J.: 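Please see the structure below; I have some questions.
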Amino acid sequence: MRVTTTTRIACPPEDVFDLVADLRNDPQWNSRVSSAELRSPEPIGLGSRFAIVNGGTPFDVTITDYERPSRLVLEASGKPDLTIAYAFTRTAEGTELKSDFDFRPSGALKVLFPLLAPVIRRDVPKQHASLKALCER
């Protein structure tokens, strides 16, 4: 299942990119993330690894594409596995953030996931509105 959103943020792409790339910031803007820990050495970049808890579910997340400030791809293994691809485009007002979520449920979750899809489609824009508010303050 895929979910794609676009959010306009009145901040430079470098600032938005840095905030999103360091998953330790997620609890500040994503109400579903209760913890996020860096599991690899600093600085944040290609190959950085994180352990996060999203909606009570643990995920191991690795940065698999890191092209600051234009593209960031995260591979998350958990229930479900997912890929999040972010594109950051400079605009006159700041940044257009395009987010593409590719959820890959397996097992029993594969059967149940279509029921969760509408909730996820509503939730992602809410979380990005919080990201926008954090960046713009």
Side-chain angles (χ1 to χ4, degrees):
M1 180 190 87
R2 290 189 99 105
V3 176
T4 301
T5 63
T6 301
T7 307
R8 292 189 175 273
I9 302 172
C11 289
E14 294 81 3
D15 294 352
V16 181
F17 183 98
D18 291 346
L19 186 70
V20 173
D22 188 344
L23 273 62
R24 294 174 293 183
N25 295 317
D26 280 22
Q28 295 179 57
W29 61 269
N30 187 335
S31 63
R32 297 191 47 78
V33 176
S34 57
S35 69
E37 177 185 334
L38 180 63
R39 290 281 175 95
S40 57
E42 298 223 39
I44 305 299
L46 184 64
S48 289
R49 295 181 323 277
F50 297 85
I52 71 165
V53 177
N54 183 320
T57 302
F59 288 88
D60 291 317
V61 184
T62 302
I63 296 176
T64 58
D65 194 353
Y66 185 92
E67 298 171 29
R68 184 181 187 269
S70 60
R71 182 167 164 76
L72 178 71
V73 179
L74 308 171
E75 291 290 338
S77 54
K79 294 194 186 305
D81 292 343
L82 76 141
T83 302
I84 307 170
Y86 293 107
F88 305 79
T89 304
R90 188 175 306 278
T91 66
E93 299 80 31
T95 304
E96 179 182 273
L97 173 63
K98 182 179 177 194
S99 307
D100 182 31
F101 294 76
D102 180 15
F103 294 90
R104 296 180 306 280
S106 59
L109 193 56
K110 194 170 193 171
V111 175
L112 297 173
F113 212 74
L115 301 173
L116 300 173
V119 174
I120 293 168
R121 285 194 172 96
R122 281 191 307 269
D123 187 61
V124 170
K126 288 179 190 175
Q127 302 306 336
H128 284 166
S130 295
L131 172 63
K132 174 181 171 69
L134 179 62
C135 288
E136 292 179 352
R137 68 175 170 174

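Being a predicted model, the structure only gives us computed values, none of them experimental. Excluded from the calculations below are hydrogen atoms, water molecules and symmetry mates; all remaining heavy atoms, backbone and side chain alike, are included.
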J.: Any ion pair linking Arg39 and Glu37 (charged N to carboxylate O, less than 4.0 Å)?
T.: yes

J.: Verify whether one side chain among Thr4 and Asp100 offers a donor that lies under 3.5 Å from an acceptor in the other.
T.: yes

J.: To the nearest 0.5 angstrom, please state how far the CZ atom of Arg32 sits from the CG atom of Asn54.
T.: 5.0 Å

J.: Calculate, to the nearest 0.5 Å, the distance between atoms CD and CD belonging to Glu136 and Glu93 respectively.
T.: 10.5 Å

J.: List the atom of Phe59, the atom of Pro80, and the distance in Å for their closest heavy-atom pair.
T.: CE2-O, 3.0 Å

J.: Passes side-chain contact (heavy atoms from CB on, under 4.5 Å), Thr89 versus Lys98? Steps please.
T.: CA-CA 8 Å; Thr89 304; Lys98 182 179 177 194; over 6 Å; no

J.: Between the side chains of Glu75 and Arg49, is the shortest nitrogen-to-carboxylate-oxygen separation below 4.0 Å, so that they form an ion pair?
T.: no

J.: Any side-chain heavy atom of Phe17 sitting closer than 4.5 Å to one from Leu97?
T.: no

J.: Do Phe88 and Glu14 have side chains that get closer than 4.5 Å, going by heavy atoms?
T.: no

J.: Does Leu19 offer a backbone N or O that forms a donor-acceptor pair with the side chain of Asp22 under 3.5 Å?
T.: no

J.: How long is the gap from CG on Leu23 to CD1 on Ile63, to the nearest 0.5 Å?
T.: 6.5 Å

J.: What's the shortest heavy-atom distance between Cys11 and Val16, and which atoms?
T.: CB-CG2, 3.9 Å

J.: Ignoring hydrogens, what is the shortest heavy-atom contact between Thr95 and Thr91? Give both atom names and the distance.
T.: N-OG1, 3.5 Å

J.: Tell me whether Lys132 contacts the main-chain N or O of Arg8 through its side chain, where contact means a donor paired with an acceptor under 3.5 Å.
T.: yes

J.: I need the minimum non-hydrogen distance between Gly94 and Pro13, along with the two atoms involved.
T.: O-CD, 3.8 Å

J.: Taking C-beta and beyond as the side chain, do Tyr86 and Ile84 meet within less than 4.5 Å on heavy atoms?
T.: yes

J.: Where do Ser48 and Pro43 come nearest, in terms of heavy atoms and distance?
T.: OG-O, 3.8 Å

J.: Is the closest side-chain donor-acceptor distance between Ser31 and Gln127 under 3.5 Å?
T.: yes

J.: Heavy atoms, side chains only, cut-off 4.5 Å: are Phe103 and Asp81 in contact?
T.: no

J.: Should the pair Asp18-Arg68 be classified as a salt bridge under the 4.0 Å nitrogen-to-oxygen rule?
T.: yes

J.: So, Arg90 versus Ser70: side-chain donor-acceptor pair below 3.5 Å or not?
T.: no

J.: Look at the side-chain heavy atoms of Ile, Leu, Val, Met, Phe, Trp and Tyr, link any pair under 4.5 Å apart, and say whether Phe50 and Val73 land in one connected group.
T.: no

J.: Give the cluster check for Phe101 versus Val53: same hydrophobic cluster or not, with ILVMFWY residues linked at side-chain heavy-atom distances below 4.5 Å.
T.: no

J.: Rounded to the nearest 0.5 Å, what's the gap from CG on Leu46 to CG on Leu72? Could you check?
T.: 10.0 Å

J.: Going from CZ on Arg24 to OG on Ser35, what distance comes out if it is rounded to the nearest 0.5 angstrom?
T.: 13.0 Å

J.: If the threshold is 4.0 Å, N to carboxylate O, is there a salt bridge linking Asp65 and Arg71?
T.: yes

J.: Using the side-chain contact (heavy atoms from CB on, under 4.5 Å) rule, take Arg104 and Met1 through it: C-alpha gap first, then chi angles, then the decisive distance, then the call.
T.: CA-CA 7 Å; Arg104 296 180 306 280; Met1 180 190 87; over 6 Å; no

J.: Atom OG of Ser99 and atom CG of Leu74: how far apart are they, to the nearest 0.5 Å?
T.: 10.0 Å

